[in-house]
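As structure tokens, the structure follows; a few thoughts come after it.
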Amino acid sequence: MTVKKCLFPVAGLGTRFLPVTKEIAKEMLPLVNRPIISYGVEEALGSGCEEIVMITGRAKRSIENYFDRSFELEDLLLRRGKKELYDKMIAISELAEILYIRQREPLGLGHAVLCGEPVCSSEYFGVILPDDVFIHTEPVLSQLIKVHERLGGSVIALELVSDEDVSRYGIASGVEIEPGIFRINDMIEKPKLSEAPSNYAIMGRYVLSPEIFPILHSQGTGAGGEIQLTDALRTLAKNEPVYGVVYKGRRFDCGTQKGWLSANIQLALEDPELRKMVLKVVEGK
Ligand code: G1P
């Protein structure tokens, strides 16, 4: 009972990050010297997944190119004697087995997951929303997979958020069966504070049962006029166990300027060389 496939919805247009995302895929924005998407892919591989399924769109070709060979660049690096850099470029293209499926219309997260049905319908699979970047000691997806392996069922990552932030997320509630682990019985996508069943927000990591697909097929649109994964999970929780895990780690919402900038500063502070530079800039010396 383990999770070998991980789905990445990456077709979103990144409107919260305009104008930079007018021409650049938000997943390709750098966190220090690597694109945001590479952190999610490493997390999936570090959690034992062997196959990555990207649900992509027409403006996201740069993601495919990043994980592919680049013969012109490789040739140039070799001719210039930059073997170390050459090896790094090759390693990126050999990182993972990646499949790409086009989401032709932006109909929501639930619809993006549904696009993965042709390859994910026979087993439990992971989902990573790459905007949510975690600095952790153990990959957050791996924390969820461990709960799935012990208890079965689907698993979602939870974080306690303030009242002001409740309406930005999917909110879940349930019965705490072990410290930090809930059996979920209710979920609402982006509720008003007065309608929220708790302050536990769903963060961008999931282990999903393939039974999610028939539910998504028959489900109408929800919050924001989109097909919502949260709505499908609420239906799933009526038939099968869905657990919520309060994950260990620190999250940065790299789909917003503030979160992206904070992640860059934090990662730079963790690098001995860059740390000195950041402190110097902040202290104005
Ligand atoms: C999505 C989900 C939401 C979840 C959030 C986490 O929302 O629909 O339930 O809480 O990711 O980042 P989005 O950020 O795409 O609006």
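The analysis underlying the following values was restricted to heavy atoms, covering all of them including side chains, and did not include hydrogens, waters or symmetry mates. Just so you know, ligand 1 is whichever comes first in the structure, and atom 1 is the first atom listed for that ligand.
- Legend: residues meeting side-chain hydrogen bond (donor to acceptor under 3.5 Å, both in side chains) with His136, ordered by chain and number and at least two apart, are absent.
- Ligand-side atoms of ligand 1 in range of Asp132: 6 (C), 12 (O), range being under 4.0 angstrom from any heavy atom.
- The environment of NZ in Lys88 is sparse: at most 12 heavy-atom neighbours from other residues, nucleotides or ligands sit within 6.0 Å.
- With hydrogens and angles left out, the side-chain atoms of Thr221 and Glu226 include no donor and acceptor closer than 3.5 Å.
- Nearest protein neighbour of atom 9 (O) of ligand 1, counting heavy atoms only, is Glu189 OE1, 2.7 Å.
- Remark: ligand 1 and Tyr206 share no N or O pair separated by less than 3.5 Å (distance only, no angle test).
- Lys5 pairs by the side-chain hydrogen bond (donor to acceptor under 3.5 Å, both in side chains) definition with Glu123, not counting sequence neighbours.
- Between Met203 and ligand 1, a contact under 3.5 Å exists for no N or O pair.
- Defined by atom type and a distance below 3.5 Å, a donor-acceptor pair is present between the side-chain atoms of Glu149 and Thr2.
- Between Phe17 and Trp260, the ring planes lie perpendicular to each other; the angle is over 60°, past the 30° to 60° tilted range.
- Residue contacts with ligand 1 for Leu129 involve side-chain atoms from C-beta outward but no N, CA, C or O (heavy atoms, distance under 4.0 Å).
- Between Thr230 and ligand 1 there is a heavy-atom distance shorter than 4.0 Å.
- The aromatic rings of Tyr200 and Phe182 lie tilted to each other, with the angle between the two planes from 30° to 60°.
- Closest to atom 10 (O) of ligand 1 among all protein heavy atoms lies Ile202 O, 2.5 Å.
- Taking a cut-off of under 4.0 Å to the non-hydrogen atoms of Leu109, the atoms of ligand 1 that pass are 2 (C), 8 (O).
- For the pair Arg34 and Tyr39, the cation-pi criterion (under 6.0 Å, within 45° of the ring axis) is fulfilled.
- Those atoms of ligand 1 that come under 4.0 Å of a heavy atom in Gly170, given as number and element, are 3 (C), 4 (C), 9 (O), 10 (O).
- With hydrogens left out, the protein atom closest to atom 14 (O) of ligand 1 is Arg16 NH2, 4.0 Å, a heavy atom.
- Neither the backbone nor the side chain of Asp253 comes within 4.0 Å of ligand 1, counting heavy atoms alone.
- In terms of polar-atom proximity, defined here as any N/O pair under 3.5 Å, Lys190 does make such a contact with ligand 1.
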